[in-house]
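Working notes, beginning with the structure itself.
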Protein chains: 2
Amino acid sequence: MTDTRARLLDGALRTLRDRGIAGASARSIATAAGVNQALVFYHFGSVDQLLTEACAHAARERVQLYSDQFDAVTSLSELVELGVRIHKHEGAEGNILVLAQMLAGAQSEPKLAPSALAALTMWIERIEVVLERVLLRSPLREFVDVPGMARALSAAFLGLGLYDGIDHDGADRALASVTRLDVLIEVIDDLGPAAQALLRTRLRRAPPTA
Amino acid sequence: MTDTRARLLDGALRTLRDRGIAGASARSIATAAGVNQALVFYHFGSVDQLLTEACAHAARERVQLYSDQFDAVTSLSELVELGVRIHKHEGAEGNILVLAQMLAGAQSEPKLAPSALAALTMWIERIEVVLERVLLRSPLREFVDVPGMARALSAAFLGLGLYDGIDHDGADRALASVTRLDVLIEVIDDLGPAAQALLRTRLRRAPPTA
DNA sequence: GTCTATAGAGGGATAGAC
DNA sequence: GTCTATCCCTCTATAGAC
């Protein structure tokens with residue numbers, strides 16, 4: 001990959017993060033990348049295409065970056081902790097806001113939707129694998145739809161990233177309150193056999209409300 | 001309020017919802033409202049100001065619309081159900097996407113941030129009241145930071161609204177899986193006194209991880 | 001209050017020199 | 001591959017007729 005291509009991809013991500021989808025023009029991206037504006041079209045054909053490739057590239061890179069940490073997760077508590085770490089790290093640096101901006105843009109520009117979905121799906125799939133593994137021995141296993149929960153968690157983090165941008169303290173407090181809930185989940189997983197059996201029975205008796 | 005003002009406020013909301021913050025120009029809003037473009041500036045001074053007022057107006061109206069339903073909630077399950085109803089109704093019609101787009105825009109345009117936050121806060125405060133009431137008799141009460149949880153839930157719904165725009169089926173599945181979790185919460189609330197005492201003890205023993 | 005017209009900036013995209 | 005120059009469009013905002 002040529003240097004210019006790489007600079008443009010990086011410039012696109014920084015522009016998307018700092019100035020939002022509304023501010024991600026060929027000119028502003030080129031300025032951020034330190035290259036000439038016409039090169040956007042020489043290398044990528046259109047701004048949308050550049051955003052698409054930048055988004056895919058970043059998601060691959062970022063998911064990869066946390067790969068070992070995903071593998072190391074052995075409980076729901078640890079998954080929540082990893083989520084917090086990723087939120088804090090990516091919030092300032094990276095990918096969550098970029099994805100959120102792509103989703104925001106995709107509402108109006110259908111061309112952005114497939115790539116935004118593809119990028120988000122990289123995160124979702126990683127979370128699915130972890131959830132599946134972590135729930136294996138949990139009494140919650142049969143009551144959690146793993147693909148659905150992975151999607152809910154991913155969407156929630158996107159919203160939290162946006163919220164963080166306008167109320168950092170509020171987002172911190174939100175995160176802290178969710179972190180506290182993991183104690184509850186952990187307790188359920190750690191209940192003795194008798195209590196677990198009771199819970200299981202009660203859960204089975206209650207029909208899904210969906 | 002003059003007819004034109006009302007039309008512009010409505011047009012701004014529809015444009016924000018359908019074409020996103022990137023497509024919410026004075027021209028497109030005026031077209032959606034069926035009025036002349038120059039009237040945006042006559043009545044509101046700037047596009048940002050129009051978006052700000054539209055956002056505040058819509059949040060007031062929408063929160064009001066669900067006011068009775070918020071009051072009628074008596075359990076966490078019912079709160080989840082109401083959340084699903086609001087998501088489904090607002091997703092097509094309304095306010096959640098508008099708010100998400102305002103948040104997306106506020107990242108780049110600081111002038112939008114205060115009004116986006118104010119609008120979102122109307123939802124958050126309503127949820128806080130309900131959470132406070134519903135948790136009163138729950139063993140979870142002392143482990144839930146109500147303001148934090150209300151913010152987390154609100155942010156999560158914003159993310160879900162955006163996600164819905166690019167993957168409706170995925171969002172449905174996410175929602176369904178969360179709906180199923182409410183059974184767990186309900187079961188905890190309905191445990192007998194002995195089991196509740198056990199849970200309380202275990203929860204107290206586990207220190208917050210935040 | 002509403003319209004037309006337009007100034008002036010910024011945007012996507014291309015042509016053509018180097 | 002990179003640059004300058006440019007076309008043409010859309011945008012915000014205003015001036016001025018009605």
Side-chain angles (χ1 to χ4, degrees), chain A residues 1-55 57 101-102 104-113 115-116, chain B residues 1-55 57 101-102 104-113 115-116:
Chain A
M1 180 155 59
T2 71
D3 183 51
T4 299
R5 270 188 74 90
R7 291 169 76 95
L8 279 171
L9 289 172
D10 184 59
L13 293 172
R14 272 185 294 120
T15 306
L16 217 38
R17 187 192 62 201
D18 297 338
R19 314 195 25 180
I21 186 72
S25 68
R27 283 171 160 82
S28 57
I29 291 172
T31 301
V35 305
N36 189 280
Q37 173 257 343
L39 294 175
V40 168
F41 303 95
Y42 176 78
H43 284 285
F44 296 93
S46 72
V47 175
D48 283 349
Q49 188 58 30
L50 167 54
L51 293 178
T52 291
E53 295 193 28
C55 185
H57 171 260
Q101 290 291 342
M102 286 290 285
Q107 312 283 331
S108 46
E109 185 49 75
K111 265 178 289 189
L112 295 180
S115 44
Chain B
M1 181 155 56
T2 72
D3 183 53
T4 299
R5 270 188 73 92
R7 292 169 76 96
L8 278 172
L9 289 172
D10 184 60
L13 293 172
R14 275 185 292 120
T15 305
L16 218 38
R17 187 192 62 200
D18 298 338
R19 313 194 28 179
I21 187 72
S25 67
R27 280 171 158 80
S28 56
I29 292 172
T31 301
V35 306
N36 188 279
Q37 175 260 146
L39 295 175
V40 168
F41 303 96
Y42 175 79
H43 285 284
F44 296 93
S46 72
V47 175
D48 284 349
Q49 188 57 31
L50 167 54
L51 293 177
T52 290
E53 296 193 26
C55 185
H57 171 259
Q101 290 291 343
M102 286 290 286
Q107 313 283 330
S108 45
E109 185 48 77
K111 263 178 289 187
L112 295 180
S115 44

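Chain identifiers are assigned alphabetically (A, B, ...) following the order of the sequence lines, protein sequences preceding nucleic acid strands; residue numbering begins at 1 within each chain.
- The heavy-atom pair separating G20(B) from S108(A) by the smallest distance is N-CB, 4.0 Å.
- Environment of CZ in R14(B): crowded, with over 12 heavy atoms of neighbouring residues, nucleotides or ligands closer than 6.0 Å.
- Each of R27(A) and Y42(A) has a nearest nucleotide on DNA chain D; the 5'-most of these lies closest to Y42(A).
- Between L51(B) and F44(B), every side-chain heavy-atom pair lies at or beyond the 4.5 Å cut-off.
- We find that CG of D48(A) is positioned 15 Å from P of dG11(C), with the value rounded to whole Å.
- Among the heavy atoms of the strands lying under 4.0 Å from V47(B) are primed sugar atoms or P, OP1, OP2 only; no base atom is included.
- Residues T4(B) and L8(B) form a side-chain contact, since some pair of their non-hydrogen atoms from C-beta on lies under 4.5 Å apart.
- OP1 and OP2 of dG12(C) both lie 4.0 Å or more from every side-chain N or O belonging to S46(A).
- For DNA chain D, none of the residues of residues 18-26 of chain A falls under the heavy-atom distance limit of 4.0 Å.
- Here dG1(C) presents its C1' atom at 14 Å from CZ of F44(B), a figure rounded to the nearest Å.
- Between L39(B) and R7(B), every side-chain heavy-atom pair lies at or beyond the 4.5 Å cut-off.
- Protein atom CG of N36(B) is 13 Å distant from nucleotide atom C1' of dT6(C), rounded to whole Å.
- Nearest to the side chain of L39(B), among dA13(D), dC3(C), dT4(D), sits dC3(C).
- Closest to the A38(A) side chain, of the nucleotides dA13(C), dC3(D), dT2(D), is dC3(D).
- Atoms CG (L8(A)) and C1' (dT2(D)) sit 12 Å apart, rounded to a whole Å.
- Nearest heavy atom pair, residue L16(A) against residue A24(A), reads CD1-CB, 3.8 Å.
- Going from atom CD of Q37(A) over to atom C1' of dA15(C) covers 13 Å, rounded to whole Å.
- The nearest whole Å value for the distance from the CZ atom in F41(B) to the C1' atom in dG1(C) is 16 Å.
- Atom CZ of R5(A) is separated from atom C1' of dG1(D) by 13 Å (rounded to the nearest Å).
- In this structure, the CG atom of L50(B) is 11 Å from the P atom of dA13(D), given to the nearest Å.
- In this structure a side-chain-to-backbone donor-acceptor pair under 3.5 Å is present from Q101(B) to I21(B).
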